[in-house]
Amino acid sequence: MDGIRSDPTIFAPLLAIAVVALFTYASRKRSNPTHKVVKFAEVLRQRRPGRILNFHCETAASVYPQTTWEVHIPFNPVMHLTTSAPNVKHLLIDKFDNYPKGAFWRDTFKDLLGDGIFNADGTTWKKQRKVASYEFSAKTLRTFMYDVFSKHSKQALQVMMAEKSSPSSLVDCQEVFARYTLESIGIIGFGCSLGAFEDANVSSSFGGAFNLATLRTADRFVDPLWKVKRLLNVGKEKELKGAIRLIQNFSSKVIAERRLDDDLNEKPDLLSRFMSMSKNSTSDSNRRTTRDRTQSDPNEFEFSDQELYFIIINFVLAGRDTTANSLTWTLWELAKEENRGCVDKIRAENDRLRSEEPGFDGVHDHDLISKSQYLKCVIYEGLRLYPPVPVDIKCAENNDVLPDGTVVNAGDRVMFLIYGMARQKDIWGDDAEVFRPERFLTTDGKFKAPEAWKMPTFLAGKRTCLGKDMAMLSSSIMLLDFLDGFDVSGGEDAIMLYDTGLTLWSTTGLNIKVDARL
Ligand code: HEM
């Protein structure tokens, strides 16, 4: 940046833009004069690991009984922040069409996610959602995905024990889960290994580039000048460009090789499935089957190499970080002395289900996992308190009024604070901040999911997460294998600081005691 400061041809226009922005910012007409405005400078000050989400919670408490407040970012429309469940229902379900991701979101993510499902609206989104829904069928989950997770969970735990330096040393379980989900999504998404078990540090190669790319993309949300920096190829934008290049090089190679594959129809991974639907594919029979199923436009399932690249990258983003985050924070809770009873209940339920299964051979199967009601409650409680996607944003297409009376102008953004909502006593009662899986257990011992808009961890409505069942399956398999083989402790001593990225990584890992069960 020193170069920019000393070069008047760059610095002067930047200064002029900043002055205009500040003037516009200061003279903005308020649509909700009673709403608190949090200074953007304050948001930037609070935006550090382990802090920003708590800052939002404190703001929510300070504006109560109002449930929405504002942040004004220079060069940008008003951002309304809310913790109101009825507002979330309004955004995601009742007025879905008025709240797309919008140009702001798409621009921010374009370099990393292209027009992939996460980043698309309208027909581009619909097409991918339709195709992907087939590939996340119950049958695929029971067979292909179950096998992938089952194999990799055992492998990840073996590697974890092999790398433990001494019997008493702490284990970074976040790293174990990151390797588990990276390797699994590599097989499920690309049909190839991403080398997560060979490399002692996920932060190298593909995994590392991916981490960096998501962090730097998240930084764009609070940097009004990111487009200028991208143009100049400086700072964080330069890092982002480099990381994306690495991801692209890897993916292009895999796609090119797969195009030459004669056995495309036999391959269950997402890339092969999407490719075999494409006109460019050599697989006529599969194409016909898919088209017959949907009876739609014959060009509907054509995907170029670039489209395929973005489709798969979107799934890698969706499937890797989120599940690793969910496992990390849930195990953190389970490793605390106060939650030992939860571990006992998971094991007791598992023992009972095994004893009811005739000829149980020591390996969990898909049915046993589906029947594990208490385990589901535990995973859900982890997902409630530590939502892997802690905040989400929608853009208003037309003027609107939210259920809590907030006036939203066309173009405004609404950010709903999923992490903050989990801590609202209005929604969860006085023990909102306590890890208590039983809140999801009915009196007859069944798991009951809450209404999605009260706990939008997987979102709600038409854009509900497509990988929800897959995430539940992979988390269940890993947690059962973990608690079957190991005792965990020391959660109360582990320092956990969530990162400021798109998902809820712990910047400090999850360092706890892991002992093989006798
Ligand atoms: C605990 C794990 C997971 C959580 C908490 C989670 C959460 C979410 C959230 C909040 C969204 C909405 C994002 C947005 O539109 O702004 C989403 C969308 C999505 N998720 Fe997940 N996800 C998880 C796992 C997965 C997995 C394993 C996959 C599959 C690989 C997946 C695939 C998707 C897809 C494809 C979308 C886009 C849906 C659409 O826009 O129509 N997710 N997820």
Side-chain angles (χ1 to χ4, degrees), residues 24-74 76-95 98-99 102 104 218 221-222 224 384-387 389-396 399-434 450-457 459-460 498 500 504:
T24 319
Y25 175 57
S27 59
R28 200 189 310 249
K29 193 164 164 277
R30 304 277 319 278
S31 306
N32 298 281
T34 59
H35 281 194
K36 175 171 181 156
V37 178
V38 176
K39 288 199 170 70
F40 181 53
E42 184 59 14
V43 174
L44 288 182
R45 206 174 67 80
Q46 302 284 349
R47 191 176 177 270
R48 57 180 190 274
R51 178 63 196 143
I52 183 69
L53 300 172
N54 292 61
F55 171 68
H56 290 325
C57 293
E58 287 159 20
T59 311
S62 76
V63 301
Y64 190 81
Q66 281 189 340
T67 43
T68 305
W69 62 98
E70 294 175 11
V71 174
H72 299 172
I73 306 177
N76 284 267
V78 171
M79 174 89 84
H80 305 273
L81 284 78
T82 188
T83 51
S84 152
N87 280 359
V88 170
K89 179 169 178 280
H90 183 88
L91 297 172
L92 300 181
I93 300 172
D94 303 336
K95 288 285 192 84
N98 194 43
Y99 291 98
F104 154 72
F221 280 106
V222 289
R384 183 185 73 86
L385 273 178
Y386 308 103
V389 180
V391 303
D392 208 336
I393 303 174
K394 299 285 172 192
C395 284
N399 294 345
D400 190 24
V401 179
L402 301 181
D404 71 353
T406 301
V407 175
V408 177
N409 292 322
D412 282 3
R413 291 155 199 172
V414 187
M415 176 190 272
F416 48 102
L417 304 164
I418 307 174
Y419 183 94
M421 289 171 75
R423 284 150 182 82
Q424 292 291 305
K425 293 194 170 95
D426 284 5
I427 305 177
W428 298 104
D430 283 347
D431 67 352
E433 299 196 32
V434 177
E451 280 141 314
W453 46 275
K454 287 188 183 161
M455 178 183 149
T457 298
L459 237 61
Y498 53 73
T500 54
L504 209 66

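Keep in mind that this is a model prediction, so the values were computed, not measured. Just the heavy atoms: all of them, side chains too, but no hydrogens, waters or symmetry mates, feed the values below.
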Worksheet entry | Distance (rounded to the nearest 0.5 Å) between Met415 CE and Met79 CE | 4.5 Å
Discussion item. For Leu385, is there any backbone N or O sitting under 3.5 Å from a side-chain donor or acceptor partner on Arg423?
Written reply: yes
Worksheet item: Quick one: does Tyr498's side chain have a donor or acceptor within less than 3.5 Å of a partner on Pro390's backbone?
Response: no
Worksheet item: Got a sec, which residues hit ring pair (Phe, Tyr, Trp, His ring centres under 6.0 Å) with Phe55, two or more places apart in sequence or on another chain?
Response: none
Item to complete: Report yes if the side chains of Arg30 and Val37 come closer than 4.5 Å at any heavy-atom pair, otherwise no.
Response: yes
Worksheet item: Roughly how far apart are His90 NE2 and Asp404 CG, rounded to 0.5 Å?
Response: 9.5 Å
Worksheet item: Hey, are the side chains of Asn54 and Tyr419 touching, using non-hydrogen atoms and a 4.5 Å cut-off?
Response: yes
Practice prompt. Provide the closest heavy-atom pair for Ala396 versus Val408 in the form atom of the first, atom of the second, distance.
Written response: CB-CG1, 3.5 Å
Worksheet item: In Å and rounded to the nearest 0.5 Å, what is the CH2 to NZ distance from Trp428 to Lys454?
Response: 7.5 Å
Worksheet item: Excluding sequence neighbours, so at least two apart, what forms side-chain contact (heavy atoms from CB on, under 4.5 Å) with Pro86?
Response: Ser84, Pro403
Practice prompt. Only counting residues at least two apart or in another chain, list the ones meeting ring pair (Phe, Tyr, Trp, His ring centres under 6.0 Å) with Phe416.
Written response: none
Discussion item. Side chain to side chain contact (heavy atoms under 4.5 Å, CB included) for Leu91 and Leu402? Distances and angles first, verdict last.
Written reply: CA-CA 8 Å; Leu91 297 172; Leu402 301 181; 4.1 Å; yes
Item to complete: Determine the minimum heavy-atom distance between Gln424 and Ala60, stating which atoms define it.
Response: NE2-CB, 3.9 Å
Discussion item. If you compare all heavy atoms of Ile418 against all heavy atoms of Pro456, which two are closest, and at what distance to 0.1 Å?
Written reply: CD1-O, 3.5 Å
Worksheet item: Among all residues two or more places apart in sequence or in another chain, which pass the salt bridge (charged side-chain N to carboxylate O under 4.0 Å, His left out) test with Arg47?
Response: Asp219
Practice prompt. Could you tell me which residues satisfy side-chain hydrogen bond (donor to acceptor under 3.5 Å, both in side chains) with Thr82, sequence neighbours excluded, listed by chain and number?
Written response: Thr68, Asn87
Practice prompt. Provide the closest heavy-atom pair for Ala452 versus Ala460 in the form atom of the first, atom of the second, distance.
Written response: CB-CB, 3.6 Å
Worksheet entry | Any residue meeting side-chain hydrogen bond (donor to acceptor under 3.5 Å, both in side chains) with Glu42, in chain and number order, not counting sequence neighbours | Arg45, Gln46
Item to complete: Could you pull out all residues at least two apart from Asp94 that satisfy salt bridge (charged side-chain N to carboxylate O under 4.0 Å, His left out)?
Response: Lys89
Worksheet item: Do the ring planes of His56 and Trp69 sit parallel (below 30°), tilted (30 to 60°) or perpendicular (above 60°)?
Response: tilted
Practice prompt. Keeping to residues at least two apart or across chains, list the salt bridge (Lys or Arg N to Asp or Glu O under 4.0 Å) pairs with something in residues 413-422.
Written response: none
Worksheet entry | Taking every non-hydrogen atom, the tightest pair across Gly420 and Thr83 | C-CG2, 4.3 Å
Worksheet item: Are Thr59 and Leu81 close enough, and set up right, to give a side chain to side chain contact (heavy atoms under 4.5 Å, CB included), and what steps lead you there?
Response: CA-CA 10 Å; Thr59 311; Leu81 284 78; over 6 Å; no
Worksheet item: Between atom OG1 of Thr406 and atom CD of Glu70, what is the distance when rounded to the nearest 0.5 Å?
Response: 8.0 Å
Item to complete: Check whether any side-chain heavy atom of Leu53 lies under 4.5 Å from a side-chain heavy atom of Leu417, and answer yes or no.
Response: no
Worksheet entry | Set of residues satisfying salt bridge (charged side-chain N to carboxylate O under 4.0 Å, His left out) with respect to Asp430, sequence neighbours excluded | none
Worksheet item: With distance as the sole test, does Arg51 use its side chain to make a donor-acceptor pair with the main-chain N or O of Thr500 at under 3.5 Å?
Response: no
Worksheet item: Is any side-chain heavy atom of Ile427 less than 4.5 Å from a side-chain heavy atom of Met455?
Response: no
Worksheet item: Among all residues two or more places apart in sequence or in another chain, which pass the salt bridge (charged side-chain N to carboxylate O under 4.0 Å, His left out) test with Asp400?
Response: Lys95
Response to the item:
With sequence neighbours left out, the residues meeting ring pair (Phe, Tyr, Trp, His ring centres under 6.0 Å) with Tyr99 are none
Worksheet item: Can you name the side-chain contact (heavy atoms from CB on, under 4.5 Å) partners of Val407, sequence neighbours left out?
Response: Ser31, Asn32, Asn409
